[in-house]
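Here the structure is laid out as structure tokens; the discussion comes afterwards.
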Amino acid sequence: MSKAQSKPEGVTPSQTVGPYFAYGLTSNGKYDWNDAFSNNLVTSDTSGERIRVEGRVFDGDGQPMPDCMLEIWQADAQGRFSDPQDKRALPNSSFKGFGRCGTDAGGGYAFDTIKPGIVPDPDGKPQAPHIVLALFARGMLLHLYTRIYFDGEAANADDPVLALVPADRRATLIATRQPGKAVYRLDIHLQGDNETVFFDV
């Protein structure tokens with residue numbers, strides 16, 4: 001092999017080969033198996049306000065995306081994470097704070113969970129209650145990260161991450177509570193005039 005042939009050509013980018021989310025990760029009841037993770041995070045010993053977070057995912061043309069996969073990660077109602085690094089976590093709680101679901105034919109998604117509490121950032125500053133959301137979809141080489149905040153939260157005004165977002169774009173991260181229900185709604189737009197704010201992490 002010559003030197004020219006053995007010389008590295010650079011970093012190979014990740015490639016999309018799917019989507020295989022429905023078959024491998026989000027059966028949505030279509031296959032005879034038990035999901036490792038579901039869209040219902042609530043357990044019998046979970047304390048806090050039970051809520052549903054729902055919405056639809058749209059592509060750049062405003063069309064619903066029926067084959068996305070969404071994953072969420074959140075703290076419990078006291079602002080503690082089910083993680084060994086969080087020394088405040090209660091070892092006897094079975095609430096894991098992680099959920100997964102696929103979108104339906106109309107691009108819809110839903111998670112049944114509890115409203116998270118205030119959590120500190122790495123510098124100890126309080127962050128408003130929020131849920132971290134990762135979105136996987138066809139044609140995307142890398143998944144996207146965003147956050148779901150809740151309308152009516154006084155802590156939103158001082159949240160250090162939300163403060164990084166231009167004021168006219170913050171509404172794309174704030175789920176609105178539906179009248180008379182413990183349901184919060186947030187639609188996700190991958191591109192276009194209403195594009196959701198995504199974070200580079």
Side-chain angles (χ1 to χ4, degrees), residues 38-58 62 64 68 70-83 86 88-90 93 95-101 103-104 106-135 144-201:
S38 76
N39 66 334
N40 188 346
L41 285 66
V42 179
T43 57
S44 60
D45 64 348
T46 303
S47 62
E49 180 188 4
R50 264 72 165 167
I51 62 169
R52 170 169 277 214
V53 179
E54 64 183 22
R56 298 173 72 195
V57 181
F58 297 94
C68 293
L70 294 86
E71 294 181 342
I72 62 170
W73 170 243
Q74 67 168 89
D76 66 13
Q78 288 74 43
R80 298 173 303 219
F81 287 97
S82 178
D83 188 287
D86 190 341
R88 304 164 303 150
L90 294 178
S93 174
F95 180 76
K96 299 303 180 190
F98 180 83
R100 174 186 289 155
C101 79
T103 51
D104 61 22
Y109 74 90
F111 290 96
D112 292 309
T113 184
I114 57 167
K115 194 171 183 182
I118 291 175
V119 299
D121 74 1
D123 296 324
K125 298 177 183 176
Q127 299 181 76
H130 67 277
I131 296 172
V132 175
L133 184 145
L135 188 144
L144 301 173
Y145 288 102
T146 189
R147 284 186 169 198
I148 300 173
Y149 288 89
F150 303 92
D151 68 350
E153 284 291 334
N156 288 347
D158 298 316
D159 183 86
V161 175
L162 203 53
L164 299 173
V165 179
D168 62 341
R169 303 283 315 284
R170 291 176 192 166
T172 69
L173 302 177
I174 299 177
T176 56
R177 185 155 183 156
Q178 304 304 289
K181 301 177 181 178
V183 176
Y184 287 86
R185 182 172 185 86
L186 183 68
D187 291 337
I188 308 295
H189 296 264
L190 300 188
Q191 291 178 310
D193 294 339
N194 299 315
E195 181 179 339
T196 298
V197 170
F198 297 104
F199 296 97
D200 185 11
V201 295

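Just so you know, residue 1 is the first one in the sequence shown, and it goes up from there.
Remark: side-chain polar atoms of S82 are not paired, donor with acceptor, to backbone N or O of G97 under 3.5 angstrom.
Heavy-atom contacts from other residues, nucleotides or ligands closer than 6.0 Å to CG of D193 number 12 or fewer.
Using a 4.5 Å heavy-atom cutoff, the side chains of I188 and Y109 are in contact. No side-chain heavy atom of D83 sits under 4.5 Å from any side-chain heavy atom of F98. Looking only at side-chain heavy atoms (C-beta outward), L41 and Q74 come within less than 4.5 Å of each other. Residues R52 and R185 form no side-chain contact, since every pair of their non-hydrogen atoms from C-beta on lies 4.5 Å or further apart. Using a 4.5 Å heavy-atom threshold, the side chains of L133 and L70 count as touching.
The two residues P64 and G106 make their nearest non-hydrogen contact at CB-O, 3.1 Å. The two atoms that bring A182 and R50 nearest to each other are CB-O, 3.4 Å, heavy atoms only. The two atoms that bring A110 and N39 nearest to each other are O-ND2, 2.9 Å, heavy atoms only. Heavy atoms only, all atoms of each residue included: T146 and V197 are closest at OG1-O, 2.7 Å. Nearest heavy atoms, P126 versus I118: CB-CG2, 3.8 Å. Scanning all heavy atoms of the two residues, the minimum distance from P129 to Y149 falls at O-CD2, 3.7 Å.
Between the CD1 atom in I148 and the CD1 atom in I72 there is a gap of 6.5 Å [rounded to 0.5 Å]. With values rounded to the nearest 0.5 angstrom, D112 atom CG is found 9.0 Å from E54 atom CD. For the atom pair N40 CG and T113 OG1, the distance stands at 8.5 Å (nearest 0.5 Å). Here the CG atom belonging to L190 is positioned 7.5 Å from the OG1 atom belonging to T196, to the nearest 0.5 angstrom. For the atom pair I51 CD1 and R177 CZ, the distance stands at 8.0 Å (nearest 0.5 Å).
Pairs engaging residues 170-197 under the ring pair (Phe, Tyr, Trp, His ring centres under 6.0 Å) rule: F58-H189, F150-Y184 [sequence neighbours left out]. Identified under the salt bridge (charged side-chain N to carboxylate O under 4.0 Å, His left out) test for residues 144-173, with sequence neighbours left out: K115-E153.
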**Asked** Are I114 and D76 close enough, and set up right, to give a side-chain contact (heavy atoms from CB on, under 4.5 Å), and what steps lead you there?
**Response** CA-CA 7 Å; I114 57 167; D76 66 13; 4.2 Å; yes
